[in-house]
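Each remark here refers to the structure printed beneath this line.
The first residue of the sequence shown is numbered 1, and numbering continues consecutively from there. Start at 1 and go down the list; that is how both ligands and their atoms are numbered.
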Amino acid sequence: MSDPSTTDPRPARKGPTFEPLPEWVGLSTRLVHGARRPDLNAGAVVPPIYQTSTYHYPAEFSEANGRGDVHLYTRGDNPTHEVAEELLRQSEGAEAAAVFASGMGAISGTLLTFLKAGDEVVVLDDLYGGTRRLFSDLLPGLGIRVRWVHTVRPDDPSVSVAGSPKIVFLETPSNPVLHVHDLEAWSSAADRAGALLVVDNTFATPVNQNPLTHGADLVVHSATKYLGGHSDLVAGAVVGPSELVNRVRVGTLNLGSTLDPFAAFLLARGMRTLSLRVARQNLNGERAVESLAAHPRVRRVDYPGRASAEEEAAARRQMRGRGGLLAVTVDGGSEGVRRFLHALRLVHVASSLGGVESLASSPSETSHRHLSADERSRLGIEPGTVRLALGIEEPDDLVRDLTEALDQLS
Ligand SMILES: Cc1ncc(COP(=O)(O)O)c(C=O)c1O
């Protein structure tokens with residue numbers, strides 16, 4: 001997997017040509033109009049789903065003569081992938097994007113492309129539980145050294161990244177207690193060490209944050225979440241400069257984490273309303289934080305920028321909105337959580353996030369259940385901590401549902 005060629009696996013294909021948009025259009029407009037391709041679509045306003053595994057190719061075809069417009073096989077290229085990739089590319093202000101069968105497919109594919117036995121990777125330890133297990137269980141078995149940065153009291157990034165790691169990986173805001181990591185500081189430290197900075201931008205979305213403009217080399221997403229936006233698909237993405245994204249494409253072609261075309265269609269459909277949804281989720285997040293922080297049964301509220309003055313300053317520099325994710329630690333530990341979850345009438349009790357409907361989950365029982373109680377506590381996850389992923393409902397309705405459920409704890 002290491003040191004793959006930097007050529008696109010689809011080298012001489014002419015590649016998709018989407019109708020260019022004027023330079024001056026903003027993100028909402030780009031998401032609506034950014035993947036027009038009437039040449040391919042018989043003029044359809046909505047690009048069709050290419051639900052095919054393979055394609056006719058001309059009998060005289062030879063890769064050596066260039067592929068022109070020829071597609072060969074969906075594990076590698078599919079026009080429906082290209083529509084979703086174009087919207088992702090534009091939303092992150094990047095040269096290229098590649099979609100995968102899941103967020104974990106995108107993250108594992110990126111790491112396996114750039115790391116080989118003997119290499120070192122630096123990772124900030126407040127992470128989604130699945131990503132954490134990839135670093136703790138899979139990579140060491142392949143001979144890759146993992147250096148954990150404990151983010152509760154982090155060293156200066158340049159100290160944490162000293163040596164010659166190949167990759168620095170972080171989430172900001174992080175899962176589940178929403179720490180904000182200073183992208184420019186981590187990017188300078190990674191640059192000095194000659195490492196790539198890979199940032200998971202799932203929580204912020206490209207509406208609230210574009211890590212590439214703050215020094216990240218690659219952005220990864222669980223597109224299952226806000227990008228898809230309707231809790232009805234599983235997908236992932238890698239976004240960044242063409243050279244790096246193409247290396248990931250080549251590196252992962254035979255790992256087989258290919259997105260199904262129907263899921264790619266749903267992803268592109270979801271992305272067209274991303275700005276509207278995230279704007280409402282930002283509002284719902286702010287309203288919920290105000291009300292929950294004042295509730296007598298709430299011990300702590302985590303929300304981007306609340307942890308410290310440094311995190312607030314970093315959030316101001318790198319985020320345009322703070323999002324609809326928050327964590328509350330309620331009275332009564334795990335029994336308090338059970339009673340709170342049981343009393344919710346609108347908010348579903350489910351893991352995951354980013355859909356139109358609000359969800360509540362206990363990280364101790366779901367995303368971070370594989371950690372010991374001590375490890376969870378060190379990360380700020382208490383038995384009474386609940387992660388809230390707010391949807392697009394009316395702010396007053398959500399505040400009422402959450403407040404009434406907390407009142408039951410009295
Ligand atoms: C921040 C973050 N990154 C990555 C993932 C993994 O994504 P997926 O479930 O699409 O594989 C998740 C899933 O919850 C996540 O929350």
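No donor-acceptor distance shorter than 3.5 angstrom exists from the side chain of S174 to the backbone of E171, with no hydrogens or angles considered. A donor-acceptor pair under 3.5 Å is formed between the side chain of Q90 and the backbone N or O of G34.
Residues F114 and L218 form a side-chain contact, since some pair of their non-hydrogen atoms from C-beta on lies under 4.5 Å apart.
For the pair T224 and ligand 1, the shortest N or O to N or O distance falls below 3.5 Å. At a 3.5 angstrom cut-off on N or O pairs, K225 counts as close to ligand 1. On a distance-only criterion, G103 and ligand 1 share at least one N/O pair closer than 3.5 Å. Considering backbone and side-chain N/O of M104, one or more are found under 3.5 Å from N/O of ligand 1.
Look at D119 and K116 and you find a salt bridge, because one of the NZ, NE, NH1 or NH2 atoms lies within 4.0 Å of a carboxylate O, short of that distance. Under a 4.0 Å N-O distance rule, the pair D125/R378 qualifies as a salt bridge. Taking a cutoff of 4.0 Å between a charged side-chain nitrogen and a carboxylate oxygen, E312 and R316 qualify as a salt bridge. Looking at R287 and D396, a side-chain N of the basic residue comes within less than 4.0 Å of a carboxylate O on the acidic one, giving a salt bridge.
Selection from N201, D200, L353 by nearest heavy atom to atom 1 (C) of ligand 1 gives D200.
Contacts between A223 and ligand 1, counted as non-hydrogen atom pairs separated by less than 4.0 Å, are absent for every part of the residue.
Counting only heavy atoms of the protein, atom 16 (O) of ligand 1 lies nearest to N175 ND2, 3.3 Å. Atom 5 (C) of ligand 1 has Y128 CD2, 3.5 Å as its closest protein atom, hydrogens excluded (heavy atom only).
Ligand 1 lies nowhere less than 4.0 angstrom from a heavy atom belonging to H221.
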